[in-house]
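Here the structure is laid out as structure tokens; the discussion comes afterwards.
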Amino acid sequence: FICVQDPRLHQDDLWHTHVDYEICLHTNSMCFRKKTSCVRRRYSDFVWLRHCLERNALIIELPKLPPWNPFFSLKNKEQVSKRMKGLQEFLESVLQNPFLLSDSRLHLFLQSDLSIPRIERCALGKTRYTVAEAIQLSKSGYYNSEDKTSCDSDCESSASSGLGSSIDTKTRDNTVPFLHLSEVDL
């Protein structure tokens, strides 16, 4: 079960804003380190993910993302709904492909709070923490926040695959206590 919901507008500076979305994952797949997680990602993060998956899976035709719209507005409910639906359909298709499930960047994208540059460095082994540690120690699991206590919402999705694996099962239970990702980045 994957759900894209709760778009939020962020003011970057006086002239620039961006929208991010909450991605909630509920799974019983052994591919994933956490069985439930919620992260926030923006449209450009999805573009980056698709590009990474495309480079790694040359013979697989990847699903399309909803088109970029320079005039996208949170006030336009139809635009928001259409984009969220397109992003969710993209993730549903990706999660149904066992080959794509083997990409550690996909797991970090869905289950860690790391920024895209940190995901890149972690996937390349250029951080002092492993992919498994980044996911396990991320704050992206379900937690009580001011405005969200559940990610169930009204999403209707059933994308989940029990195939593929990208997490080293030897390190599954070997986490580093007191490791804070912001403190160990290079």
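- At least one side-chain heavy atom of Phe99 sits under 4.5 Å from a side-chain heavy atom of Ile60.
- Arg105 places no side-chain N or O within 3.5 Å of a backbone atom of Ala123 that could act as its donor or acceptor partner.
- The shortest side-chain heavy-atom distance between Leu49 and Val94 does not fall under the 4.5 Å cut-off.
- Put simply, the side chain of Gln111 never gets that close to the backbone of Phe32: no donor and acceptor are under 3.5 Å apart.
- In terms of heavy atoms, Ala134 sits closest to Leu114 at CB-CD1, 3.8 Å.
- Side chain to side chain, Gln96 and Glu92 fail the donor-acceptor criterion of an N or O pair below 3.5 Å.
- The distance from atom OH of Tyr129 to atom CG of Leu137, rounded to the nearest 0.5 Å, is 10.5 Å.
- Counting all heavy atoms, side chain and backbone alike, Ile119 lies closest to Ser112 at CG1-OG, 4.4 Å.
- Criterion: ILVMFWY side-chain heavy atoms under 4.5 Å apart, direct or through other members. Under it, Leu124 and Ile116 are not part of a common hydrophobic cluster.
- Rounded to the nearest 0.5 Å, atoms NZ (Lys64) and OG (Ser93) are 12.0 Å apart.
- You'll find the side chain of Asn97 stays beyond 4.5 Å of the side chain of Leu53, heavy atoms only.
- Nearest heavy atoms, Val4 versus Gln88: N-OE1, 3.1 Å.
- For the pair Arg83 and Tyr43, the cation sits on the ring face: its NZ or CZ lies under 6.0 Å from the ring centre, inside 45° of the axis.
- Side-chain N or O atoms of His107 include one that pairs as donor or acceptor with a backbone N or O of Leu101 at under 3.5 Å.
- No donor-acceptor pair closer than 3.5 Å links the side chain of Ser81 to the backbone N or O of Glu78.
- Checked options Leu25, Thr27, Leu100; the residue passing with Leu95 is Leu25 (criterion: side-chain contact (heavy atoms from CB on, under 4.5 Å)).
- Here the closest heavy-atom approach between residue Ile23 and residue Arg41 is recorded as CD1-CG, 3.6 Å.
- In this structure, OG in Ser44 is found 10.0 Å from CG in Asp20, a value given to the nearest 0.5 Å.
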Inset, instruction - Please report the C-alpha distance between Glu133 and Cys122 in whole Å, then the side-chain angles of each, then the deciding distance to 0.1 Å, and finally whether the side-chain contact (heavy atoms from CB on, under 4.5 Å) criterion is met. - result: CA-CA 10 Å; Glu133 290 168 341; Cys122 184; over 6 Å; no

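- Side chains of Leu108 and Arg118 form no contact here, defined as non-hydrogen atoms less than 4.5 Å apart.
- In this structure, Arg50 contributes its side chain and Pro63 its backbone to a donor-acceptor pair below 3.5 Å.
- Atoms CZ and CH2, from Arg42 and Trp48 in turn, are 14.0 Å apart once rounded to the nearest 0.5 Å.
- Smallest separation of non-hydrogen atoms from Met84 and Gln5: SD-CA, 3.7 Å.
- We find the CG-OG distance between Asn56 and Ser102 to be 6.5 Å, quoted to the nearest 0.5 Å.
- Under the 6.0 Å cut-off for aromatic ring centres, Phe46 and Phe109 qualify, their centroids lying closer than that.
- Separating the NZ atom in Lys34 from the OG1 atom in Thr36 is a distance of 8.0 Å, to the nearest 0.5 Å.
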